[in-house]
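Every chain is numbered from 1 and lettered A, B, ... according to where its sequence line falls, protein lines coming before strand lines.
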Protein chains: 2
Amino acid sequence: MIVIRNIQELINHLSEERKQRNDLAVGLVPTMGYLHAGHVSLITRAKQTCPYVVLSIFVNPIQFGPNEDFDKYPRDEARDLQIAEQAGVDVVFLPTVEEMYPSPTKTKVSVSTLTTTLCGASRPGHFDGVTTVVSKLFHIVQPKQAFFGLKDAQQVAVINQMVVDLNMPVQIIPCPILREEDGLALSSRNVYLSAEEREQALVLSESLAAAEQLVHDGQVVQAIDLQAFVRKHIEQSPIAQIDYVEVLSYPRLEPLNELCSASDGLIIIALAVKFGKTRLIDNTIISLGGVPTC
Amino acid sequence: MIVIRNIQELINHLSEERKQRNDLAVGLVPTMGYLHAGHVSLITRAKQTCPYVVLSIFVNPIQFGPNEDFDKYPRDEARDLQIAEQAGVDVVFLPTVEEMYPSPTKTKVSVSTLTTTLCGASRPGHFDGVTTVVSKLFHIVQPKQAFFGLKDAQQVAVINQMVVDLNMPVQIIPCPILREEDGLALSSRNVYLSAEEREQALVLSESLAAAEQLVHDGQVVQAIDLQAFVRKHIEQSPIAQIDYVEVLSYPRLEPLNELCSASDGLIIIALAVKFGKTRLIDNTIISLGGVPTC
(Lines give C-alpha, C1' and ligand atoms only; values in the text may rest on other atoms or scores of the structure.)
Protein backbone atom coordinates (compact mmCIF):
# COMPACT_ATOMS: atom_id res chain seq x y z
CA MET A 1 0.00 0.00 0.00
CA ILE A 2 1.23 3.47 -0.90
CA VAL A 3 0.39 6.67 0.97
CA ILE A 4 0.24 9.79 -1.19
CA ARG A 5 -0.39 13.28 0.15
CA ASN A 6 0.17 15.34 -2.98
CA ILE A 7 -2.41 15.70 -5.77
CA GLN A 8 0.03 15.79 -8.68
CA GLU A 9 1.92 12.82 -7.27
CA LEU A 10 -1.32 10.83 -7.12
CA ILE A 11 -2.22 11.82 -10.68
CA ASN A 12 1.24 10.78 -11.91
CA HIS A 13 1.13 7.53 -9.97
CA LEU A 14 -2.29 6.54 -11.31
CA SER A 15 -1.26 7.53 -14.81
CA GLU A 16 1.74 5.20 -14.56
CA GLU A 17 -0.39 2.35 -13.19
CA ARG A 18 -2.89 2.86 -16.00
CA LYS A 19 -0.13 2.74 -18.60
CA GLN A 20 1.25 -0.49 -17.19
CA ARG A 21 -2.10 -2.19 -16.68
CA ASN A 22 -4.18 -1.48 -19.74
CA ASP A 23 -7.64 0.00 -19.08
CA LEU A 24 -7.21 -0.34 -15.31
CA ALA A 25 -10.52 0.08 -13.47
CA VAL A 26 -9.87 2.19 -10.39
CA GLY A 27 -12.31 2.12 -7.49
CA LEU A 28 -12.51 5.12 -5.17
CA VAL A 29 -13.68 5.04 -1.56
CA PRO A 30 -13.90 8.66 -0.34
CA THR A 31 -13.90 8.98 3.46
CA MET A 32 -13.22 11.44 6.24
CA GLY A 33 -11.10 8.84 8.04
CA TYR A 34 -11.41 7.46 11.57
CA LEU A 35 -12.19 4.25 9.77
CA HIS A 36 -14.58 1.63 11.09
CA ALA A 37 -16.07 -1.61 9.80
CA GLY A 38 -18.49 0.40 7.63
CA HIS A 39 -15.58 1.88 5.70
CA VAL A 40 -13.93 -1.54 5.51
CA SER A 41 -17.11 -2.92 3.94
CA LEU A 42 -16.87 -0.21 1.25
CA ILE A 43 -13.24 -1.17 0.55
CA THR A 44 -14.17 -4.86 0.42
CA ARG A 45 -17.00 -4.09 -1.97
CA ALA A 46 -14.68 -1.97 -4.13
CA LYS A 47 -12.16 -4.80 -4.37
CA GLN A 48 -14.85 -7.09 -5.77
CA THR A 49 -15.17 -5.09 -8.99
CA CYS A 50 -12.06 -2.91 -9.17
CA PRO A 51 -8.54 -4.34 -9.45
CA TYR A 52 -7.15 -1.10 -8.00
CA VAL A 53 -8.62 0.68 -4.99
CA VAL A 54 -7.90 4.23 -3.86
CA LEU A 55 -9.06 5.28 -0.40
CA SER A 56 -9.17 9.00 0.24
CA ILE A 57 -9.09 10.35 3.79
CA PHE A 58 -9.90 14.03 4.00
CA VAL A 59 -11.90 15.93 6.58
CA ASN A 60 -13.33 18.49 4.21
CA PRO A 61 -13.69 21.87 5.93
CA ILE A 62 -16.15 23.35 3.42
CA GLN A 63 -18.85 20.80 4.25
CA PHE A 64 -18.86 21.81 7.94
CA GLY A 65 -20.90 24.74 9.19
CA PRO A 66 -19.32 27.37 11.47
CA ASN A 67 -20.81 25.76 14.60
CA GLU A 68 -20.12 22.17 13.58
CA ASP A 69 -17.39 19.75 14.61
CA PHE A 70 -14.70 20.27 11.95
CA ASP A 71 -11.95 20.95 14.46
CA LYS A 72 -12.87 18.16 16.81
CA TYR A 73 -13.88 15.61 14.16
CA PRO A 74 -12.02 12.44 15.26
CA ARG A 75 -8.75 11.74 13.46
CA ASP A 76 -6.28 8.85 13.85
CA GLU A 77 -4.01 8.59 10.87
CA ALA A 78 -1.82 5.73 12.13
CA ARG A 79 -4.81 3.54 12.93
CA ASP A 80 -6.52 4.44 9.63
CA LEU A 81 -3.45 3.41 7.65
CA GLN A 82 -3.31 0.09 9.48
CA ILE A 83 -6.97 -0.62 8.76
CA ALA A 84 -6.60 0.43 5.12
CA GLU A 85 -3.59 -1.83 4.64
CA GLN A 86 -5.38 -4.79 6.20
CA ALA A 87 -8.42 -4.16 4.02
CA GLY A 88 -6.26 -4.35 0.89
CA VAL A 89 -6.27 -0.73 -0.26
CA ASP A 90 -3.73 0.03 -3.00
CA VAL A 91 -3.32 3.78 -2.47
CA VAL A 92 -4.35 5.97 0.44
CA PHE A 93 -4.74 9.60 -0.60
CA LEU A 94 -4.24 11.79 2.46
CA PRO A 95 -4.08 15.43 1.40
CA THR A 96 -3.89 18.41 3.73
CA VAL A 97 -6.48 21.17 3.61
CA GLU A 98 -3.86 23.40 1.93
CA GLU A 99 -3.26 20.75 -0.74
CA MET A 100 -6.97 20.50 -1.58
CA TYR A 101 -7.66 24.23 -1.20
CA PRO A 102 -4.43 26.16 -1.90
CA SER A 103 -6.70 29.18 -1.96
CA PRO A 104 -10.40 29.31 -1.03
CA THR A 105 -12.35 27.68 -3.86
CA LYS A 106 -14.26 30.15 -6.04
CA THR A 107 -16.01 27.22 -7.74
CA LYS A 108 -18.86 25.30 -6.19
CA VAL A 109 -20.85 22.35 -7.45
CA SER A 110 -24.35 22.44 -6.04
CA VAL A 111 -27.41 20.24 -6.37
CA SER A 112 -30.81 21.82 -5.80
CA THR A 113 -34.10 20.31 -4.57
CA LEU A 114 -32.57 17.13 -3.11
CA THR A 115 -30.47 19.22 -0.75
CA THR A 116 -33.22 21.34 0.77
CA THR A 117 -34.64 18.54 2.92
CA LEU A 118 -33.27 16.27 5.68
CA CYS A 119 -29.65 17.12 6.56
CA GLY A 120 -29.64 19.84 3.91
CA ALA A 121 -32.29 21.75 5.87
CA SER A 122 -30.35 21.45 9.16
CA ARG A 123 -26.92 22.00 7.63
CA PRO A 124 -27.12 24.80 5.02
CA GLY A 125 -24.24 24.62 2.54
CA HIS A 126 -23.22 21.16 3.72
CA PHE A 127 -24.04 19.37 0.49
CA ASP A 128 -22.40 22.06 -1.68
CA GLY A 129 -19.23 21.27 0.26
CA VAL A 130 -19.74 17.54 -0.30
CA THR A 131 -20.45 17.73 -4.04
CA THR A 132 -17.57 20.16 -4.57
CA VAL A 133 -14.99 17.98 -2.83
CA VAL A 134 -16.31 14.76 -4.36
CA SER A 135 -16.15 16.40 -7.76
CA LYS A 136 -12.50 17.31 -7.08
CA LEU A 137 -11.71 13.75 -5.98
CA PHE A 138 -13.39 12.31 -9.08
CA HIS A 139 -11.32 14.58 -11.34
CA ILE A 140 -8.09 13.70 -9.54
CA VAL A 141 -8.61 9.93 -9.29
CA GLN A 142 -10.83 9.38 -12.36
CA PRO A 143 -12.37 6.25 -10.86
CA LYS A 144 -14.56 3.87 -12.81
CA GLN A 145 -16.64 3.30 -9.70
CA ALA A 146 -17.01 5.17 -6.40
CA PHE A 147 -18.36 3.60 -3.24
CA PHE A 148 -20.54 5.37 -0.70
CA GLY A 149 -22.32 4.08 2.39
CA LEU A 150 -26.09 4.35 2.57
CA LYS A 151 -25.96 5.66 6.14
CA ASP A 152 -25.69 8.99 4.32
CA ALA A 153 -28.50 8.03 1.95
CA GLN A 154 -29.18 11.64 1.07
CA GLN A 155 -25.51 12.08 0.21
CA VAL A 156 -25.72 9.08 -2.12
CA ALA A 157 -28.81 10.52 -3.82
CA VAL A 158 -27.20 13.96 -4.16
CA ILE A 159 -23.91 12.63 -5.54
CA ASN A 160 -25.74 10.38 -7.97
CA GLN A 161 -27.78 13.34 -9.18
CA MET A 162 -24.55 15.30 -9.71
CA VAL A 163 -22.99 12.45 -11.68
CA VAL A 164 -26.05 12.09 -13.90
CA ASP A 165 -26.58 15.83 -14.45
CA LEU A 166 -22.91 16.53 -15.21
CA ASN A 167 -22.32 13.33 -17.22
CA MET A 168 -19.44 12.36 -14.95
CA PRO A 169 -17.76 9.16 -16.20
CA VAL A 170 -18.08 7.30 -12.90
CA GLN A 171 -20.55 4.79 -11.51
CA ILE A 172 -21.83 5.38 -7.97
CA ILE A 173 -22.13 2.18 -5.95
CA PRO A 174 -24.33 2.58 -2.86
CA CYS A 175 -23.38 0.15 -0.07
CA PRO A 176 -25.55 -1.04 2.83
CA ILE A 177 -25.38 0.44 6.33
CA LEU A 178 -23.26 -1.54 8.77
CA ARG A 179 -24.57 -1.84 12.32
CA GLU A 180 -23.24 -2.91 15.71
CA GLU A 181 -24.71 -6.19 16.96
CA ASP A 182 -27.26 -4.25 18.97
CA GLY A 183 -28.33 -2.25 15.92
CA LEU A 184 -26.50 1.10 16.26
CA ALA A 185 -25.40 2.27 12.80
CA LEU A 186 -21.62 2.51 12.59
CA SER A 187 -20.36 6.09 12.54
CA SER A 188 -17.08 7.81 13.28
CA ARG A 189 -19.09 10.13 15.51
CA ASN A 190 -20.23 7.25 17.79
CA VAL A 191 -16.94 7.77 19.64
CA TYR A 192 -18.39 11.00 21.06
CA LEU A 193 -21.20 9.16 22.89
CA SER A 194 -21.15 8.62 26.66
CA ALA A 195 -22.15 5.16 27.91
CA GLU A 196 -25.68 6.36 28.64
CA GLU A 197 -26.04 8.15 25.29
CA ARG A 198 -24.73 5.04 23.52
CA GLU A 199 -27.42 2.97 25.27
CA GLN A 200 -30.20 5.44 24.53
CA ALA A 201 -29.15 5.79 20.90
CA LEU A 202 -30.42 2.26 20.24
CA VAL A 203 -33.87 3.79 20.01
CA LEU A 204 -32.96 4.95 16.48
CA SER A 205 -32.38 1.58 14.85
CA GLU A 206 -35.19 0.07 16.90
CA SER A 207 -37.67 2.65 15.70
CA LEU A 208 -36.62 2.13 12.08
CA ALA A 209 -36.89 -1.66 12.37
CA ALA A 210 -40.32 -1.39 13.94
CA ALA A 211 -41.47 1.05 11.27
CA GLU A 212 -40.18 -1.20 8.51
CA GLN A 213 -42.16 -4.07 9.97
CA LEU A 214 -45.31 -1.93 10.03
CA VAL A 215 -44.89 -1.11 6.36
CA HIS A 216 -44.25 -4.72 5.37
CA ASP A 217 -47.30 -5.82 7.33
CA GLY A 218 -49.38 -3.24 5.51
CA GLN A 219 -50.42 -1.61 8.78
CA VAL A 220 -49.64 1.91 7.68
CA VAL A 221 -50.71 3.69 4.50
CA GLN A 222 -49.96 7.37 5.07
CA ALA A 223 -46.42 8.75 5.29
CA ILE A 224 -47.51 11.10 8.04
CA ASP A 225 -48.63 8.17 10.22
CA LEU A 226 -45.33 6.38 9.71
CA GLN A 227 -43.45 9.54 10.60
CA ALA A 228 -45.54 10.00 13.76
CA PHE A 229 -44.92 6.37 14.75
CA VAL A 230 -41.13 6.80 14.48
CA ARG A 231 -41.15 10.13 16.33
CA LYS A 232 -43.18 8.62 19.16
CA HIS A 233 -40.84 5.65 19.37
CA ILE A 234 -37.78 7.90 19.59
CA GLU A 235 -39.43 10.14 22.17
CA GLN A 236 -39.40 7.15 24.52
CA SER A 237 -35.79 8.08 25.13
CA PRO A 238 -35.72 10.94 27.64
CA ILE A 239 -32.48 12.38 26.22
CA ALA A 240 -33.19 12.09 22.47
CA GLN A 241 -33.54 15.52 20.82
CA ILE A 242 -35.06 15.02 17.39
CA ASP A 243 -33.65 17.18 14.60
CA TYR A 244 -35.87 15.55 11.97
CA VAL A 245 -37.79 12.39 11.18
CA GLU A 246 -38.96 12.25 7.58
CA VAL A 247 -40.64 9.77 5.27
CA LEU A 248 -39.87 10.56 1.62
CA SER A 249 -39.59 8.88 -1.74
CA TYR A 250 -36.11 7.60 -2.59
CA PRO A 251 -33.87 8.65 -4.32
CA ARG A 252 -35.90 11.75 -5.27
CA LEU A 253 -36.54 12.69 -1.63
CA GLU A 254 -39.99 14.03 -2.46
CA PRO A 255 -42.70 14.36 0.18
CA LEU A 256 -45.40 11.70 0.13
CA ASN A 257 -48.98 11.39 1.15
CA GLU A 258 -49.66 7.69 0.63
CA LEU A 259 -46.51 5.56 0.83
CA CYS A 260 -47.61 3.81 -2.36
CA SER A 261 -47.23 7.00 -4.38
CA ALA A 262 -43.42 6.87 -4.09
CA SER A 263 -42.20 7.52 -7.64
CA ASP A 264 -39.59 4.75 -7.83
CA GLY A 265 -41.36 2.31 -5.50
CA LEU A 266 -38.89 3.11 -2.74
CA ILE A 267 -39.37 5.11 0.43
CA ILE A 268 -36.81 6.27 2.94
CA ILE A 269 -37.40 6.81 6.62
CA ALA A 270 -34.59 9.15 7.60
CA LEU A 271 -33.78 10.71 10.93
CA ALA A 272 -31.27 12.89 12.69
CA VAL A 273 -31.31 12.93 16.46
CA LYS A 274 -29.01 14.48 19.04
CA PHE A 275 -27.87 12.65 22.13
CA GLY A 276 -26.06 15.19 24.27
CA LYS A 277 -23.86 17.11 21.86
CA THR A 278 -23.67 14.28 19.33
CA ARG A 279 -25.91 14.34 16.29
CA LEU A 280 -26.54 10.89 14.83
CA ILE A 281 -28.25 10.02 11.57
CA ASP A 282 -29.82 6.76 10.52
CA ASN A 283 -32.29 5.59 7.90
CA THR A 284 -33.88 2.67 6.20
CA ILE A 285 -34.87 2.43 2.55
CA ILE A 286 -37.91 0.26 1.98
CA SER A 287 -38.94 -1.26 -1.33
CA LEU A 288 -42.71 -1.23 -1.65
CA GLY A 289 -42.80 -4.14 -4.07
CA GLY A 290 -44.73 -6.91 -2.35
CA VAL A 291 -45.96 -4.66 0.46
CA PRO A 292 -49.67 -5.48 1.00
CA THR A 293 -50.92 -1.88 0.80
CA CYS A 294 -49.40 -1.36 -2.64
CA MET B 1 -15.56 13.48 -40.27
CA ILE B 2 -18.27 11.88 -38.19
CA VAL B 3 -21.37 13.63 -36.88
CA ILE B 4 -22.66 12.31 -33.56
CA ARG B 5 -25.81 13.57 -31.84
CA ASN B 6 -26.06 11.13 -28.96
CA ILE B 7 -23.95 11.39 -25.79
CA GLN B 8 -23.50 7.66 -25.21
CA GLU B 9 -22.61 7.14 -28.86
CA LEU B 10 -19.90 9.80 -28.58
CA ILE B 11 -18.54 8.25 -25.37
CA ASN B 12 -18.43 4.81 -27.01
CA HIS B 13 -16.84 6.19 -30.16
CA LEU B 14 -14.10 8.04 -28.28
CA SER B 15 -13.50 5.03 -26.07
CA GLU B 16 -12.96 2.90 -29.19
CA GLU B 17 -10.64 5.48 -30.73
CA ARG B 18 -8.65 5.66 -27.49
CA LYS B 19 -8.31 1.88 -27.38
CA GLN B 20 -7.04 1.77 -30.95
CA ARG B 21 -4.70 4.73 -30.65
CA ASN B 22 -2.93 4.40 -27.33
CA ASP B 23 -3.10 7.47 -25.06
CA LEU B 24 -4.88 9.52 -27.74
CA ALA B 25 -4.89 13.24 -26.92
CA VAL B 26 -8.33 14.62 -27.75
CA GLY B 27 -8.79 18.35 -28.32
CA LEU B 28 -12.22 19.89 -27.73
CA VAL B 29 -13.51 23.05 -29.35
CA PRO B 30 -16.84 23.90 -27.70
CA THR B 31 -19.00 26.26 -29.78
CA MET B 32 -22.57 27.39 -30.23
CA GLY B 33 -22.25 26.94 -33.99
CA TYR B 34 -22.83 29.43 -36.80
CA LEU B 35 -19.15 29.00 -37.34
CA HIS B 36 -16.88 31.75 -38.60
CA ALA B 37 -13.15 32.19 -39.10
CA GLY B 38 -12.72 32.67 -35.34
CA HIS B 39 -13.98 29.14 -34.71
CA VAL B 40 -11.85 27.83 -37.57
CA SER B 41 -8.80 29.38 -35.91
CA LEU B 42 -9.63 27.42 -32.74
CA ILE B 43 -9.89 24.19 -34.73
CA THR B 44 -6.61 24.93 -36.49
CA ARG B 45 -4.94 25.61 -33.17
CA ALA B 46 -6.37 22.38 -31.72
CA LYS B 47 -5.01 20.35 -34.61
CA GLN B 48 -1.51 21.65 -33.87
CA THR B 49 -1.33 19.81 -30.53
CA CYS B 50 -4.11 17.22 -30.60
CA PRO B 51 -4.20 14.34 -33.09
CA TYR B 52 -7.98 14.09 -32.63
CA VAL B 53 -10.31 17.08 -32.57
CA VAL B 54 -13.92 17.13 -31.38
CA LEU B 55 -16.03 20.17 -32.22
CA SER B 56 -19.20 20.57 -30.20
CA ILE B 57 -22.06 22.68 -31.50
CA PHE B 58 -24.71 23.36 -28.91
CA VAL B 59 -26.73 26.49 -28.27
CA ASN B 60 -26.99 26.06 -24.52
CA PRO B 61 -30.36 27.32 -23.24
CA ILE B 62 -29.31 27.64 -19.59
CA GLN B 63 -26.74 30.31 -20.34
CA PHE B 64 -29.35 32.61 -21.91
CA GLY B 65 -31.50 34.91 -19.79
CA PRO B 66 -35.27 35.02 -20.32
CA ASN B 67 -35.01 38.19 -22.44
CA GLU B 68 -31.98 37.11 -24.43
CA ASP B 69 -31.64 35.70 -27.92
CA PHE B 70 -31.73 31.91 -27.34
CA ASP B 71 -34.57 31.33 -29.79
CA LYS B 72 -33.23 33.59 -32.49
CA TYR B 73 -29.54 32.77 -32.00
CA PRO B 74 -28.34 32.10 -35.57
CA ARG B 75 -28.13 28.44 -36.57
CA ASP B 76 -27.01 26.84 -39.86
CA GLU B 77 -26.16 23.21 -39.38
CA ALA B 78 -25.40 22.36 -43.00
CA ARG B 79 -22.98 25.27 -43.37
CA ASP B 80 -21.38 24.49 -39.99
CA LEU B 81 -20.72 20.88 -40.99
CA GLN B 82 -19.13 22.01 -44.22
CA ILE B 83 -16.83 24.44 -42.42
CA ALA B 84 -15.95 21.83 -39.77
CA GLU B 85 -15.09 19.25 -42.39
CA GLN B 86 -12.89 21.69 -44.31
CA ALA B 87 -11.14 22.68 -41.08
CA GLY B 88 -10.25 19.04 -40.43
CA VAL B 89 -12.49 18.23 -37.45
CA ASP B 90 -12.66 14.51 -36.60
CA VAL B 91 -15.99 14.44 -34.78
CA VAL B 92 -18.77 17.01 -34.63
CA PHE B 93 -20.92 16.58 -31.54
CA LEU B 94 -24.34 18.04 -32.23
CA PRO B 95 -26.72 17.17 -29.39
CA THR B 96 -30.28 18.41 -29.02
CA VAL B 97 -31.38 20.28 -25.91
CA GLU B 98 -33.25 17.14 -24.83
CA GLU B 99 -30.10 15.07 -25.18
CA MET B 100 -28.07 17.42 -23.00
CA TYR B 101 -30.90 18.10 -20.53
CA PRO B 102 -33.29 15.11 -20.52
CA SER B 103 -34.73 16.77 -17.44
CA PRO B 104 -33.90 20.22 -16.08
CA THR B 105 -30.48 20.00 -14.44
CA LYS B 106 -30.59 20.07 -10.64
CA THR B 107 -26.79 20.43 -10.58
CA LYS B 108 -24.99 23.67 -11.29
CA VAL B 109 -21.31 24.50 -11.38
CA SER B 110 -20.77 28.10 -10.42
CA VAL B 111 -17.74 30.33 -10.07
CA SER B 112 -17.97 33.30 -7.72
CA THR B 113 -16.16 36.68 -7.76
CA LEU B 114 -14.98 36.48 -11.39
CA THR B 115 -18.59 36.27 -12.54
CA THR B 116 -19.96 39.31 -10.75
CA THR B 117 -18.33 41.84 -13.08
CA LEU B 118 -18.46 42.56 -16.85
CA CYS B 119 -20.93 40.26 -18.63
CA GLY B 120 -21.72 38.53 -15.33
CA ALA B 121 -23.20 41.77 -13.99
CA SER B 122 -25.35 42.33 -17.11
CA ARG B 123 -26.30 38.68 -17.56
CA PRO B 124 -27.11 37.12 -14.16
CA GLY B 125 -26.81 33.33 -14.22
CA HIS B 126 -25.09 33.37 -17.62
CA PHE B 127 -21.76 32.03 -16.40
CA ASP B 128 -23.39 29.34 -14.24
CA GLY B 129 -24.94 28.09 -17.47
CA VAL B 130 -21.57 28.23 -19.23
CA THR B 131 -19.58 26.44 -16.52
CA THR B 132 -22.30 23.82 -16.12
CA VAL B 133 -22.45 22.94 -19.81
CA VAL B 134 -18.67 23.09 -20.27
CA SER B 135 -18.32 20.79 -17.28
CA LYS B 136 -20.75 18.35 -18.94
CA LEU B 137 -18.83 18.52 -22.23
CA PHE B 138 -15.51 17.93 -20.45
CA HIS B 139 -16.93 14.84 -18.71
CA ILE B 140 -18.37 13.48 -21.94
CA VAL B 141 -15.36 14.13 -24.21
CA GLN B 142 -12.56 13.96 -21.60
CA PRO B 143 -10.31 16.17 -23.70
CA LYS B 144 -6.65 16.71 -22.92
CA GLN B 145 -6.96 20.29 -24.11
CA ALA B 146 -9.93 22.60 -24.71
CA PHE B 147 -9.78 25.68 -26.91
CA PHE B 148 -11.60 28.92 -26.21
CA GLY B 149 -11.48 32.25 -27.98
CA LEU B 150 -10.35 35.31 -26.05
CA LYS B 151 -13.20 37.39 -27.41
CA ASP B 152 -14.99 35.98 -24.38
CA ALA B 153 -11.99 36.71 -22.16
CA GLN B 154 -14.09 36.59 -19.02
CA GLN B 155 -15.40 33.18 -20.06
CA VAL B 156 -11.82 31.95 -20.46
CA ALA B 157 -10.92 33.27 -16.99
CA VAL B 158 -14.03 31.72 -15.44
CA ILE B 159 -13.54 28.32 -17.09
CA ASN B 160 -9.88 28.28 -16.14
CA GLN B 161 -10.81 29.04 -12.53
CA MET B 162 -13.30 26.14 -12.60
CA VAL B 163 -10.68 23.77 -13.99
CA VAL B 164 -8.12 24.76 -11.35
CA ASP B 165 -10.56 24.74 -8.43
CA LEU B 166 -12.13 21.39 -9.37
CA ASN B 167 -8.85 19.74 -10.47
CA MET B 168 -10.33 18.96 -13.87
CA PRO B 169 -7.85 16.95 -15.98
CA VAL B 170 -7.92 19.31 -18.95
CA GLN B 171 -5.74 22.17 -20.12
CA ILE B 172 -7.48 25.36 -21.23
CA ILE B 173 -5.89 26.94 -24.30
CA PRO B 174 -6.92 30.58 -24.81
CA CYS B 175 -6.79 31.63 -28.46
CA PRO B 176 -6.50 35.17 -29.85
CA ILE B 177 -9.47 37.21 -31.10
CA LEU B 178 -9.95 37.12 -34.85
CA ARG B 179 -11.01 40.37 -36.52
CA GLU B 180 -12.38 41.48 -39.86
CA GLU B 181 -9.91 43.48 -41.92
CA ASP B 182 -11.45 46.69 -40.63
CA GLY B 183 -11.07 45.56 -37.01
CA LEU B 184 -14.54 44.28 -36.04
CA ALA B 185 -14.14 41.24 -33.80
CA LEU B 186 -15.65 38.13 -35.40
CA SER B 187 -18.89 37.03 -33.75
CA SER B 188 -21.84 34.90 -34.76
CA ARG B 189 -23.99 37.82 -33.63
CA ASN B 190 -22.48 40.20 -36.24
CA VAL B 191 -25.05 38.78 -38.64
CA TYR B 192 -27.72 40.73 -36.75
CA LEU B 193 -26.14 44.11 -37.60
CA SER B 194 -27.63 46.45 -40.20
CA ALA B 195 -25.19 48.09 -42.61
CA GLU B 196 -25.16 51.26 -40.55
CA GLU B 197 -24.74 49.41 -37.25
CA ARG B 198 -21.92 47.37 -38.79
CA GLU B 199 -20.18 50.60 -39.79
CA GLN B 200 -20.68 52.26 -36.41
CA ALA B 201 -19.52 49.12 -34.53
CA LEU B 202 -15.97 49.81 -35.74
CA VAL B 203 -15.73 52.31 -32.92
CA LEU B 204 -15.22 49.36 -30.54
CA SER B 205 -12.00 47.96 -31.96
CA GLU B 206 -10.78 51.48 -32.75
CA SER B 207 -11.25 52.60 -29.16
CA LEU B 208 -9.42 49.53 -27.86
CA ALA B 209 -6.53 50.00 -30.27
CA ALA B 210 -6.22 53.67 -29.34
CA ALA B 211 -6.34 52.84 -25.63
CA GLU B 212 -3.67 50.16 -26.04
CA GLN B 213 -1.46 52.70 -27.74
CA LEU B 214 -1.95 55.13 -24.86
CA VAL B 215 -0.89 52.48 -22.37
CA HIS B 216 2.15 51.47 -24.36
CA ASP B 217 3.18 55.10 -24.69
CA GLY B 218 2.87 55.49 -20.93
CA GLN B 219 0.37 58.31 -21.36
CA VAL B 220 -2.11 56.92 -18.88
CA VAL B 221 -1.48 55.73 -15.33
CA GLN B 222 -4.92 55.38 -13.72
CA ALA B 223 -7.45 52.72 -14.76
CA ILE B 224 -10.24 55.25 -14.37
CA ASP B 225 -8.63 57.56 -16.95
CA LEU B 226 -8.23 54.72 -19.42
CA GLN B 227 -11.85 53.74 -18.91
CA ALA B 228 -12.99 57.33 -19.47
CA PHE B 229 -10.91 57.55 -22.64
CA VAL B 230 -12.55 54.43 -24.11
CA ARG B 231 -16.05 55.52 -23.12
CA LYS B 232 -15.52 58.91 -24.72
CA HIS B 233 -14.21 57.29 -27.89
CA ILE B 234 -17.24 55.00 -28.14
CA GLU B 235 -19.65 57.85 -27.46
CA GLN B 236 -18.52 59.37 -30.73
CA SER B 237 -20.91 56.90 -32.32
CA PRO B 238 -24.41 58.36 -32.07
CA ILE B 239 -26.05 54.89 -31.91
CA ALA B 240 -23.70 53.11 -29.51
CA GLN B 241 -25.39 52.27 -26.19
CA ILE B 242 -22.69 51.33 -23.70
CA ASP B 243 -23.50 48.40 -21.39
CA TYR B 244 -20.08 48.53 -19.74
CA VAL B 245 -16.50 49.62 -20.30
CA GLU B 246 -14.14 48.27 -17.65
CA VAL B 247 -10.42 48.20 -17.00
CA LEU B 248 -9.49 45.31 -14.70
CA SER B 249 -6.60 43.00 -13.90
CA TYR B 250 -6.51 39.78 -15.92
CA PRO B 251 -7.32 36.94 -15.34
CA ARG B 252 -8.47 37.84 -11.81
CA LEU B 253 -10.79 40.61 -13.08
CA GLU B 254 -10.10 42.74 -10.04
CA PRO B 255 -10.64 46.51 -10.04
CA LEU B 256 -7.53 48.63 -10.33
CA ASN B 257 -6.44 52.08 -9.35
CA GLU B 258 -3.04 52.35 -11.02
CA LEU B 259 -2.68 50.10 -14.05
CA CYS B 260 0.71 49.01 -12.71
CA SER B 261 -0.90 47.38 -9.69
CA ALA B 262 -2.40 44.57 -11.85
CA SER B 263 -1.60 41.39 -9.95
CA ASP B 264 -0.33 39.32 -12.85
CA GLY B 265 1.07 42.20 -14.89
CA LEU B 266 -1.87 41.98 -17.27
CA ILE B 267 -4.84 44.30 -17.67
CA ILE B 268 -7.97 43.85 -19.71
CA ILE B 269 -10.02 46.61 -21.27
CA ALA B 270 -13.39 44.96 -21.78
CA LEU B 271 -16.58 46.38 -23.20
CA ALA B 272 -20.12 45.47 -24.13
CA VAL B 273 -22.03 47.87 -26.34
CA LYS B 274 -25.40 47.64 -28.04
CA PHE B 275 -25.96 48.73 -31.61
CA GLY B 276 -29.69 48.61 -32.19
CA LYS B 277 -30.80 45.33 -30.63
CA THR B 278 -27.41 43.67 -31.01
CA ARG B 279 -25.08 43.51 -28.03
CA LEU B 280 -21.43 43.18 -29.03
CA ILE B 281 -18.47 42.47 -26.77
CA ASP B 282 -14.81 43.13 -27.41
CA ASN B 283 -11.66 43.43 -25.36
CA THR B 284 -7.92 43.69 -25.37
CA ILE B 285 -5.52 42.19 -22.86
CA ILE B 286 -2.40 44.26 -22.38
CA SER B 287 0.84 43.03 -20.84
CA LEU B 288 2.39 45.79 -18.77
CA GLY B 289 5.91 44.39 -19.09
CA GLY B 290 7.96 47.03 -20.87
CA VAL B 291 5.28 49.70 -20.57
CA PRO B 292 7.05 52.95 -19.57
CA THR B 293 4.84 53.72 -16.57
CA CYS B 294 5.56 50.36 -14.92
Write out, in numerical order, the residues from residues 122-138 of chain B with a heavy atom short of 4.5 Å from a heavy atom in chain A.
Thr132(B), Ser135(B), Lys136(B)
Return the set of residues passing side-chain contact (heavy atoms from CB on, under 4.5 Å) with Ala272(A) (not counting sequence neighbours), or none when no residue passes.
Asp243(A), Tyr244(A), Arg279(A), Ile281(A)
Could you tell me which of Asn22(A), Asp23(A), Val111(A) has the largest number of non-hydrogen atom pairs under 4.5 Å with chain B?
Val111(A)
With chain A as the partner chain, list the residues of residues 147-168 of chain B whose heavy atoms fall under 4.5 Å from it, by residue number, and write 'none' if nothing qualifies.
Gln161(B), Met162(B), Asp165(B), Leu166(B), Asn167(B), Met168(B)
Under 4.5 Å from a heavy atom of chain A, the part of Thr105(B) involved:
both
Part of residues 1-19 of chain A lying next to chain B, heavy-atom separation under 4.5 Å:
Ile7(A), Lys19(A)
Between the NZ atom in Lys108(B) and the OG atom in Ser110(A), the distance rounded to the nearest 0.5 Å is 8.5 Å
